[in-house]
Number of protein chains: 2
Amino acid sequence: MDVLRPDCPSRVVMQRIGERWSMFVILALAHGPLRFTALKARVGVVTSKVLTETLRALEADGLVSRRAYDESPPRVEYELTPLGVSLLEPMAAMRAWAEAHVPEVLASRERHLDALDAVHG
Amino acid sequence: MDVLRPDCPSRVVMQRIGERWSMFVILALAHGPLRFTALKARVGVVTSKVLTETLRALEADGLVSRRAYDESPPRVEYELTPLGVSLLEPMAAMRAWAEAHVPEVLASRERHLDALDAVHG
DNA sequence: CAGTATCCAGTCTGATACTG
DNA sequence: CAGTATCAGACTGGATACTG
């Protein structure tokens, strides 16, 4: 099982996916390019700084492309690359699972908290 | 698109998956229960403390079960719950993608580093 | 509009040492 | 064997203010 080796490159990918906003940005771009502010609005509560960092990282990984138009006011569009698009499929599987099983997970967490309460008064 | 709302429960699941060791522990348990030390050896470089934390979190989420036998020396077995097992399928999709596309991602990162070098000397 | 600059609190992770 | 306790460093995410 390669993925379990500490030096396995798959770690790298999973860690990128796992970062706070990566997935949400990718999903937000799933239906076409978006400008910075539109993306920010879609993703929700993220700050400009963090969104920028996320985009730079996704760009470095070749998942997202950035295109700046030489206009005033400035216009920048972010878009999924083909590689980024190819990631949508496994992500959809994850999302489907999450949406189907979130109630179970949350219920389990509740029970766990109740158990802690019972111990500590 | 529900998953993009800040209060969407899917975030919760994705964040758990994204944590440093969660995925590796789940994959390590994919083929049956393991004792703490065996799990530690399989996962690789993780410390006891961090592995314990990861296991507690997965337990709270109902993905992993912990069973302690009343023996000496102590014996504890960790095993995927049915919920945990159900997660293997979407995870396999992710892993397949990662293994297929890691070279592209790494190459992209290289290029990006080269570009930075060119700028900064 | 699309960011950058600064600063900071909290989290994550790990090393190390110890225990029933 | 299966952890817990303690400490410390790196990293993350975010608040706030500012800019071409």
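Excluded from the calculations below are hydrogen atoms, water molecules and symmetry mates; all remaining heavy atoms, backbone and side chain alike, are included. The structure presented is a predicted model; accordingly, all values stated were derived computationally and were not measured. Each chain gets a letter, A, B and so on, in the order the sequences are listed, and its residues count up from 1.
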Query - Stepwise side chain to side chain contact (heavy atoms under 4.5 Å, CB included) test for S22(B) and I17(B) - result: CA-CA 6 Å; S22(B) 298; I17(B) 306 282; 5.7 Å; no
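- Ion pairing between E53(A) and R56(A) fails under the 4.0 Å rule for side-chain N and carboxylate O.
- Computed from coordinates, the E77(A) CD to dC1(C) P distance equals 14 Å when rounded to whole Å.
- Between the CD atom of Q15(A) and the P atom of dT13(C) there is a distance of 8 Å, given to the nearest Å.
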Query raised in the report: So T52(B) and F36(B), side chain to side chain contact (heavy atoms under 4.5 Å, CB included) or not? Walk me through it.
Result: CA-CA 9 Å; T52(B) 301; F36(B) 186 84; 3.5 Å; yes
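- What separates CG of D70(A) from C1' of dG3(C) is a distance of 16 Å, to the nearest Å.
- Taking the six-membered ring where tryptophan is involved, the planes of H101(B) and W97(B) are tilted, since the angle between them lies from 30° to 60°.
- With a 6.0 Å radius and a threshold of 12 heavy atoms from other residues, nucleotides or ligands, E89(A) has its CD atom at or below the threshold.
- For dG3(D), one of the phosphate oxygens OP1 or OP2 lies less than 4.0 angstrom from a side-chain nitrogen or oxygen of R66(B).
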Report task. Start with the C-alpha distance between R67(A) and E79(A), add both sets of side-chain angles, then the distance that settles side chain to side chain contact (heavy atoms under 4.5 Å, CB included), and finish with yes or no. Result -> CA-CA 8 Å; R67(A) 180 163 183 183; E79(A) 187 174 11; over 6 Å; no
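- Taking 4.0 angstrom as the limit, R56(A) places none of its side-chain polar atoms (N or O) nearer than this to OP1 or OP2 of dA2(C).
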Query - Candidate pair V76(A) and Y69(A), rule side chain to side chain contact (heavy atoms under 4.5 Å, CB included), full reasoning - result: CA-CA 6 Å; V76(A) 177; Y69(A) 297 84; over 6 Å; no
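- A close approach under 4.0 Å does not occur between any side-chain nitrogen or oxygen of Y78(A) and OP1 or OP2 of dC1(C).
- Atoms CZ (F24(B)) and P (dT13(C)) sit 11 Å apart, rounded to a whole Å.
- Distance CD (E19(B)) to C1' (dC11(D)): 15 Å, rounded to an integer number of Å.
- Across all strands, Y69(A) comes closer than 4.0 Å to no nucleic acid atom at all (heavy-atom distances).
- For the pair L51(A) CG and dC1(C) P, the computed distance is 14 Å after rounding to whole Å.
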Table of protein N/O atoms under 3.5 Å from nucleotides 14-20 of chain C N/O atoms:
| residue | atom | partner | partner atom | Å |
| --- | --- | --- | --- | --- |
| dG14(C) | OP2 | W21(B) | NE1 | 3.1 |
| dG14(C) | N7 | K49(B) | NZ | 2.9 |
| dG14(C) | O6 | K49(B) | NZ | 2.3 |

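- A straight line from CD of E53(A) to P of dG14(D) spans 10 Å, rounded to a whole angstrom.
- The base-pairing partner of dG20(C), taking Watson-Crick or G-U wobble contacts with both distances under 3.5 Å, is dC1(D).
- R67(B) has its CZ atom 18 Å from the C1' atom of dC1(D), to the nearest Å.
- Closest approach to the R75(B) side chain among dT4(C), dA2(C), dA2(D) is made by dA2(D) (side chain taken as heavy atoms from C-beta onward).
- The shortest distance between the side-chain N/O atoms of R35(A) and the OP1/OP2 oxygens of dA2(C) is below 4.0 Å.
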